[in-house]
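I have placed the structure first, in the form of structure tokens, so that the comments after it can refer back to it.
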Amino acid sequence: MLYQLKKSGYAAYLVGGCVRDLLLGREPKDFDVVTDATPDQIRKVFRNCRLIGRRFRLAHIYFGHEYIEVATFRGRADAENDDQKFHESGQLLRDNIYGTIEEDVWRRDFTVNSLYYNIRDFSVVDYTGGMQDHRAGVMKLIGDPVTRYREDPVRMLRAVRFAVKLGFVLDAECQQPLRDLASLLHAIPSARLYEEFLKLFLSGYSLQTYEMLRHYGLFGALFPGVDRSLNEERQGFPKVFIAKAFENSDKRVADGLPVTPYFLLAALLWDSVQALAKQKIAQGIPSIPAQQMAASEIIGEQVQRIAFPKYMGIAMRDVWYLQSRFHQQTGTRPFKLITHPRFRAAYDFLLLRAETGDVEQQVADWWTAFQVAEGTNQTAMTQASSAKKSPQKRRHRSKSNRNKNSVDKPTVEKHD
Ligand code: ATP
Ligand code: MG
């Protein structure tokens, strides 16, 4: 499709992440194309084209359900913000001015993101020393870092994201202002921060990204409540729990398994919800409403920073609420719980808690065994746990557990 633009007499380049990733021998996530053709001219070249965007008009060229984004060279610098107006000095307002490649390059963020691959002669066009930085593995902002961060504070998050993803180091001048400027992120609309949150934490490098964001004082801009409780220095929790959640999630990405943002959000906010619920219980509010009120308040606070969709809040509440039900292992309740649409997520959450000492391992083990047990053995388990004190029944259950679960985790009664 680049050739179609060329044939029509326009310049066309691949730019940004795809050039950077291709030079590393990695498969790019997507391809961004820039051209000197205006959106209307692009539309005349491609029939399968849709123009999008109010802020800056872009063309999407469709190939079935997939599309490639084609932008026209931009003139002046342009902060990548929504329509919202900002009062911070230094933050640029939007503009729609088209320009040349020489102008376009300076509005890009990092030198390694400003390489253009010219299809005319298969050369890489480099105005900023991006090739050299790319070879050296350095993330460096184009121009004065403080000015560039002020123009668009999200660049601070992007700096961390790319450094981790590419295994590059952040140039000293780009590191230095981060702590001081972190609070500028409060001016960024929560919808945009949600998009960034997904890229930061669901790409398979969440643990390292989280550690680096904490290191530079940026994490608090995304999760102020969590950051506060992390700074409290309580015997390992929630630090270990959150780190484990990220570690598990990264492992899932590496194994090609799906990861859900609400699970990570639930893990991040779990400690805050528990702490707030405890306060409410101390004030005389009964446990269940205290938990529910705490969940609502914490979600309400967090969604102001990161605008996750409503259904995710509901899913998080389910996962939290189901934790208490894992302690009910008698009668028909376990059979009901196991059919709950959010059982799987809640069970994974339980495993994580058990791993980090937030709940007894034997509770998690019981549910692991219960899931793989067959009908009659399941019934035996729910009876056995209702008669935990009875040695006779206990022996009976262990026997039935032994023959079916030997491959899985040890069950509660393994010591028998
Ligand atoms: P990836 O798609 O792998 O996350 P990318 O570098 O392609 O990385 P995009 O967000 O797709 O990132 O942006 C494409 C290009 O647009 C970037 O490489 C950069 O040149 C430019 N760009 C994107 N966001 C900004 C920004 N906030 N400030 C300046 N330039 C930006
Ligand atoms: Mg991209």
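All of these numbers come straight from a predicted model, not from anything done at the bench. Remember, it's 1-based here, ligands and their atoms both numbered in the order they're listed. Positions are given from 1 along the sequence.
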**Study point:** Pair Y98 + F73: ring centers closer than 6.0 Å
**Key:** no
Element-labelled atoms of ligand 1 that are located less than 4.0 Å from some non-hydrogen atom of [X]:
X: R107; result: 29 (C), 30 (N)
X: G16; result: 18 (O)
X: D32; result: 7 (O), 11 (O), 14 (C)
X: K165; result: 3 (O)
X: R161; result: 4 (O)

For ligand 1, which part of [X] has a heavy atom less than 4.0 Å away: the side chain, the backbone, both, or neither?
X: R108; result: both
X: V154; result: neither
X: R192; result: side chain
X: F162; result: side chain
X: D152; result: side chain

Between ligand 1 and [X], is the shortest N or O to N or O distance under 3.5 Å?
X: S114; value: no
X: G17; value: yes
X: R148; value: no

Practice item. Could you tell me whether the side chain of K140 reaches within less than 4.5 Å of the side chain of Q132, counting heavy atoms only? Key: no
Review point. With a 4.5 Å limit on heavy-atom distance, are the side chains of E69 and D30 in contact?
Key: no
If the threshold is 4.0 Å, N to carboxylate O, is there a salt bridge linking [X] and [Y]?
X: D348; Y: R344; value: yes
X: R325; Y: D318; value: no
X: R192; Y: D152; value: yes
X: E247; Y: K244; value: yes
X: R155; Y: E151; value: yes
X: R148; Y: D144; value: no

Review point. Is there a heavy atom in E151 that sits closer than 4.0 Å to ligand 1?
Key: no
Revision key, fill the gap. Checking distances from the Mg ion (ligand 2), one finds that the N, O or S atom of D30 closest to it is OD1
Check your understanding: What class does the angle between the rings of Y347 and F343 fall in, given that below 30° is parallel, 30 to 60° is tilted and above 60° is perpendicular?
Key -> parallel
